[in-house]
Amino acid sequence: MTNEKLLLLDGNSLAYRAFFALPPLTNQHGIHTNAVYGFTMMLDKIIAEEQPTKILVAFDAGKKTFRHTTFTDYKGGRQKTPPELSEQFPYIRKLIDAYGIARYELDMYEADDIIGTLAKEAEEKQLNVVIVSGDKDLTQLVTNSTTVYITRKGMTDLDVYTPAFVAEKYGLTPAQIIDMKGLMGDASDNIPGVPGVGEKTAIKLLTAYGTVEAVYENIDSVSGAKLKEKLIANEQQAYMSKQLATIHTAAPITITIDDLAYAGVNGEELRAIYQELGFKKLLDKTEFADVEEEPKSDIQYSVVTDVNALPFEAAVHVELASDNYHTSDVLGMAIASNEGIQYIPVEAMNSDVVRQWLEDDMAIKYVTDRKAAQAALARIDLPLEGVAFDLLLATYIVNPSLSGDDVATLVAEFDYRDVESNDDVYGKGAKRAIPSQDDVAKHASRKAFAVWTLRDAIEARLHENAQYDLYYDLELPLARILGHMETAGITVSKDTLQAMGDELRERLQKIEAAIYDAAGEQFNINSPKQLGVILFDKLGLPVIKKTKTGYSTAADVLDKLKGEHAIIEHILLYRQLAKLQSTYIEGLIKEIHDDGKVHTRFQQALTSTGRLSSVEPNLQNIPIRLEEGRKIRQAFVPSHPDWYLFAADYSQIELRVLAHMCQDPALVEAFNTGMDIHTRTAMDVFHVGADEVDANMRRTAKAVNFGIVYGISDYGLSQNLSIPRQEAAEFIERYLKSFPGVQQYMDIVVKQAKVNGYVTTMLNRRRYLPDINNKNFNIRSFAERTAMNMPIQGSAADIIKKAMIDMDVRLRAEGLQSTLLLQVHDELIFEGPKEEMDVLARIVPEVMEQAVKLSVPLKVDVSYGKSWYDAK
DNA sequence: AGATTCACG
DNA sequence: ACGTACGTGAATCTA
């Protein structure tokens with residue numbers, strides 16, 4: 001063997017695969033690009049992984065091949081190549097050239113034959129060969145030194161066919177693949193085979209006899225009268241089919257392996273093609289880092305250390321050293337206005353002029369991220385008032401799926417390119433560093449100037465979409481409230497957590513020992529891979545579910561294995577406790593600041609539904625469902641000795657929102673009469689009276705209600721309830737019969753999504769659904785479920801946000817000391833002195849229930865206690 | 001960096 | 001026929 005490795009690619013097949021695997025993408029000129037894109041991704045990956053020394057992409061030449069002389073209908077009945085794909089072939093050829101890769105096609109022969117011929121030559125010269133195609137026919141070429149990769153669903157996902165893999169998959173040798181095709185045919189190539197013989201039968205016959213010829217030689221001993229009859233009737237057709245499926249390994253090609261040396265990419269050519277096709281991500285890749293950066297236009301700013309006067313209207317950007325504004329250093333502040341751009345380094349910010357300007361709400365400020373600026377400034381004792389525009393929130397409202405939090409990306413959505421990305425300025429990962437003050441000043445100035453320039457256009461978009469109120473009256477004021485909540489923080493008792501941690505550690509050690517004992521060896525329990533080997537290989541437990549990478553060991557799988565082996569219960573308990581230990585004990589302790597509190601950041605411009613998210617730490621997923629975990633909440637305490645934590649949560653807000661939006665009479669009635677909604681659903685689904693609903697029926701009904709909210713599917717419900725799909729389908733059908741308004745509403749929402757390309761919430765929040773008309777069933781179905789879920793989840797989010805704003809006003813009006821600390825999607829957590837608890841118990845439900853007027857009542861439950869655990 | 005698992009609503 | 005429930009974040013392992 002040599003070190004040479006030959007890579008042979010089936011150009012046509014891969015282009016087809018890419019075309020159908022990827023959503024239709026077009027570039028700025030309306031040219032379709034998905035096949036080229038998929039092809040590029042696959043090529044990149046395979047070259048990086050295989051490091052071939054020689055490469056060839058083979059193409060089919062024309063319509064006619066030598067196979068048509070044998071069988072005129074070869075590949076007959078095939079759909080014509082869609083024009084959207086045809087137009088991409090020239091680009092694929094150009095791309096291959098730019099990559100420095102040889103390509104070849106030969107009249108009357110298919111790409112398969114070119115590949116087969118070269119593979120054979122390589123075999124003789126003892127080269128390693130890798131063949132990549134979307135067509136399984138090629139697997140007949142597999143040998144010990146020739147491997148065939150077949151694309152799976154994605155473009156970069158590949159099945160690796162070795163002799164062993166073929167043997168495992170079919171129980172056949174690679175050469176027998178041809179015989180298999182001869183017997184079973186191939187619908188896609190219109191190879192007939194023997195009618196009535198499929199893969200199973202073909203494999204059975206070949207296992208017994210070896211080849212097609214041998215099958216006919218021993219035709220008398222073939223079992224099954226029907227089968228024998230079919231085989232005899234189609235003998236000639238079987239031979240012909242085998243011949244058609246056989247790859248020609250002696251095609252009269254005019255190139256040799258020596259012509260295929262991989263030259264390496266021509267950066268400039270490739271760049272030109274990417275540019276033409278609009279492949280922005282690929283353009284940004286490092287290989288081009290030296291090929292000239294898109295020049296940012298120059299910007300004029302002055303670094304001011306002695307601030308005299310500041311404008312009445314300006315764009316302001318507070319530049320931070322890292323993205324956690326609760327811990328990050330403030331580097332400085334850029335102010336862009338009619339009077340030009342000033343950059344004030346942090347040392348100069350704490351002056352009377354600056355302070356007065358920041359707290360003057362008559363001095364109008366347009367910012368990039370109000371909450372971040374407010375929180376960061378608060379830490380150096382500076383206020384921030386008079387904010388009239390927030391770039392982050394405005395772009396999020398325009399389109400929640402696009403916005404990240406880097407100003408460069410945000411403004412790029414409006415075709416503004418004169419801001420450098422934070423990664424470019426600071427570097428990423430280990431290379432991250434603060435550049436010179438001048439570079440920071442320039443970067444911050446560009447951001448401020450971008451906001452100054454774009455505000456009008458973005459506000460115009462908000463007005464166009466009738467979303468200005470949502471932005472200005474809801475999100476913008478909310479940012480200020482969230483900022484105060486974050487800055488206030490919530491006290492977490494480190495001692496309590498540590499005590500829990502000590503106890504957990506001991507228990508975990510014992511469980512660990514029990515697991516090793518049951519397994520008969522030590523291994524890393526935290527490694528799903530190692531655990532899989534123990535459970536399914538060593539202990540031989542039945543495999544219930546597989547993941548991309550191997551056996552699934554998820555909790556629902558382990559649950560089903562509970563009776564099979566004592567180790568399962570130990571593992572489940574270990575997982576549960578290890579999760580508490582690492583995430584909620586150790587993780588949370590790390591997040592406690594010097595003030596004894598955790599200061600989460602509520603990401604306000606992240607989710608596609610309008611919900612908030614919470615990070616560093618995430619306080620929206622503190623355990624509650626299991627008692628062991630729930631105890632973590634004992635560590636969350638008020639910030640003053642005699643204070644209490646107060647919790648208020650909406651009851652069934654999503655189903656109430658659904659009732660309001662679909663106006664189904666039965667559903668509206670159920671809420672108006674104050675019935676338990678799951679019991680009511682059970683009555684309808686099971687056709688029983690209220691007193692006949694047992695716990696199990698109610699549980700099922702509850703799952704059905706969840707399903708409705710998530711965008712119902714029988715399969716999903718069946719999984720959740722561990723029942724047959726048919727049974728789940730029946731529940732759904734009966735539900736929708738009982739609540740026909742729901743069915744009608746879901747139909748309308750999906751139809752709207754298909755027509756408009758987006759769905760909306762009660763307060764006109766939008767989510768675009770580009771996949772809603774996708775040809776792929778799975779992708780389209782996902783978009784449809786999203787269409788059904790988003791207005792419900794999103795409207796509930798709208799409502800609680802409105803309630804938070806109203807609550808803020810009310811707390812001040814009542815002159816209370818109590819403050820809001822957390823929001824957990826449908827609940828609000830406050831803290832306050834004991835004597836205010838009764839007042840809160842009165843006013844919080846009132847405000848939350850009146851946040852919006854629905855055709856069903858909103859219901860809020862409240863509680864309070866000396867810790868979050870006790871507020872239940 | 002991506003996959004897996006599991007915590008919440 | 002297709003094969004997933006909706007929305008999140010953190011820890012850990014593996015490549």
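Reminder, nothing fancy here: chain letters follow the sequence lines and each chain counts from 1. Just so it is clear, the values below take in all heavy atoms, side chains as well, and ignore hydrogens, waters and symmetry mates.
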Task: Cation-pi geometry met for Arg601(A) and Tyr325(A) (6.0 Å, 45°) - done: yes
Reckon [X] has a side-chain N or O less than 4.0 Å from the OP1 or OP2 of [N]?
{"X": "Lys548(A)", "N": "dA3(B)", "answer": "yes"}
{"X": "Thr583(A)", "N": "dG9(C)", "answer": "no"}
{"X": "Ser781(A)", "N": "dT4(C)", "answer": "no"}
{"X": "Gln620(A)", "N": "dG7(C)", "answer": "no"}
{"X": "Ser552(A)", "N": "dT4(B)", "answer": "no"}
{"X": "Ser582(A)", "N": "dT5(B)", "answer": "no"}
{"X": "Asn524(A)", "N": "dC13(C)", "answer": "yes"}

[X] side chain: which of [options] is closest?
{"X": "Gln793(A)", "options": "dG7(C), dT8(C), dG3(C)", "value": "dG7(C)"}
{"X": "Asn526(A)", "options": "dG3(C), dA7(B), dT12(C)", "value": "dT12(C)"}
{"X": "Thr609(A)", "options": "dG7(C), dC2(C), dA7(B)", "value": "dG7(C)"}
{"X": "Phe777(A)", "options": "dC13(C), dC2(C), dG7(C)", "value": "dC2(C)"}
{"X": "Thr549(A)", "options": "dG7(C), dT4(B), dA7(B)", "value": "dT4(B)"}
{"X": "Arg611(A)", "options": "dT4(B), dA7(B), dG9(B)", "value": "dG9(B)"}
{"X": "Ala555(A)", "options": "dC6(B), dT8(C), dG3(C)", "value": "dC6(B)"}
{"X": "Ala703(A)", "options": "dG7(C), dA11(C), dA5(C)", "value": "dA5(C)"}
{"X": "Val824(A)", "options": "dC2(C), dA7(B), dG9(B)", "value": "dG9(B)"}
{"X": "Arg625(A)", "options": "dA11(C), dC6(B), dG9(B)", "value": "dG9(B)"}

Using atom [atom1] of [X] as one end and atom [atom2] of [N] as the other, report the distance to the nearest whole Å.
{"X": "Tyr715(A)", "N": "dC6(C)", "atom1": "OH", "atom2": "C1'", "answer": "18 Å"}
{"X": "Asn778(A)", "N": "dC6(C)", "atom1": "CG", "atom2": "C1'", "answer": "16 Å"}
{"X": "Asp556(A)", "N": "dT5(B)", "atom1": "CG", "atom2": "C1'", "answer": "11 Å"}
{"X": "Met790(A)", "N": "dT8(C)", "atom1": "CE", "atom2": "P", "answer": "10 Å"}
{"X": "Asp798(A)", "N": "dG9(B)", "atom1": "CG", "atom2": "P", "answer": "20 Å"}
{"X": "Ile653(A)", "N": "dC6(C)", "atom1": "CD1", "atom2": "C1'", "answer": "16 Å"}
{"X": "Arg780(A)", "N": "dC2(C)", "atom1": "CZ", "atom2": "P", "answer": "15 Å"}
{"X": "Asn621(A)", "N": "dC8(B)", "atom1": "CG", "atom2": "C1'", "answer": "5 Å"}

Rounded distance in Å between the [atom1] positions of [N] and [M]:
{"N": "dG3(C)", "M": "dC8(B)", "atom1": "P", "value": "31 Å"}
{"N": "dT4(C)", "M": "dT4(B)", "atom1": "P", "value": "13 Å"}
{"N": "dA5(C)", "M": "dA3(B)", "atom1": "P", "value": "15 Å"}

Heavy atoms under 4.0 Å, any strand shown: does [X] hit a base, just sugar-phosphate, or nothing?
{"X": "Asn720(A)", "value": "base"}
{"X": "Glu654(A)", "value": "nothing"}
{"X": "Ile792(A)", "value": "nothing"}
{"X": "Asn618(A)", "value": "sugar-phosphate"}
{"X": "Glu586(A)", "value": "nothing"}
{"X": "Gly711(A)", "value": "nothing"}
{"X": "Leu580(A)", "value": "nothing"}
{"X": "Phe782(A)", "value": "sugar-phosphate"}
{"X": "Leu612(A)", "value": "nothing"}

[N] base / [X] side chain donor-acceptor hit below 3.5 Å:
{"X": "Lys529(A)", "N": "dC13(C)", "answer": "no"}
{"X": "Ser713(A)", "N": "dT4(C)", "answer": "yes"}
{"X": "Arg767(A)", "N": "dG7(C)", "answer": "no"}

TODO: Taking atom types as modelled, find out whether Lys529(A) and Tyr551(A) have a side-chain donor-acceptor pair closer than 3.5 angstrom.
DONE: no
Open item on the list: Less than 3.5 Å apart, any donor N or O on the side chain of Thr609(A) or Gln793(A) sitting next to an acceptor on the other?
Closed with: yes
Task: Non-neighbouring partners of Tyr396(A) that pass ring-ring contact (aromatic ring centres under 6.0 Å, His included), sequence neighbours left out - done: none
- [ ] Hey, could you give me the CD1/OG distance between Ile622(A) and Ser614(A), rounded to the nearest 0.5 Å?
- [x] 8.0 Å
- [ ] Give, for atom CG of Leu478(A) and atom CD1 of Ile800(A), the distance between the pair rounded to the nearest 0.5 Å.
- [x] 10.0 Å
Task: Check: Tyr735(A) ring centroid to Phe739(A) ring centroid under 6.0 Å - done: yes
Open item on the list: Applying side-chain contact (heavy atoms from CB on, under 4.5 Å) to Phe731(A) and Asp714(A), what does each step give before you reach the verdict?
Closed with: CA-CA 9 Å; Phe731(A) 287 151; Asp714(A) 50 8; over 6 Å; no
- [ ] Anything below 3.5 Å on both distances counts as a pair; with that, list the stems of at least three consecutive Watson-Crick or G-U pairs involving DNA chain C.
- [x] B:1-9 with C:6-14
- [ ] Report the relative orientation of the aromatic rings in Phe636(A) and Trp868(A); use parallel for angles under 30°, tilted for 30 to 60°, perpendicular for over 60°.
- [x] perpendicular
Open item on the list: When you compare the side chain of Gln576(A) with that of Lys579(A), does any pair of heavy atoms fall below 4.5 Å?
Closed with: no
Under 3.5 Å, which donor-acceptor pairs link side chains of residues 762-776 of chain A to any protein atom two or more places apart or in another chain?
residue	atom	partner	partner atom	Å
Asn764(A)	ND2	Asn465(A)	O	3.3
Asn764(A)	ND2	Ala466(A)	O	2.9
Arg765(A)	NE	Asp798(A)	OD1	2.9
Arg765(A)	NH1	Glu475(A)	OE2	2.9
Arg765(A)	NH2	Glu475(A)	OE2	2.8
Arg765(A)	NH2	Asp798(A)	OD1	3.0
Arg766(A)	NH1	Tyr768(A)	OH	2.8
Arg766(A)	NH2	Tyr758(A)	OH	3.2
Asn773(A)	ND2	Lys754(A)	O	3.3
Asn774(A)	OD1	Asn776(A)	N	2.7
Asn776(A)	OD1	Asn778(A)	N	2.8
Asn776(A)	OD1	Ile779(A)	N	3.2

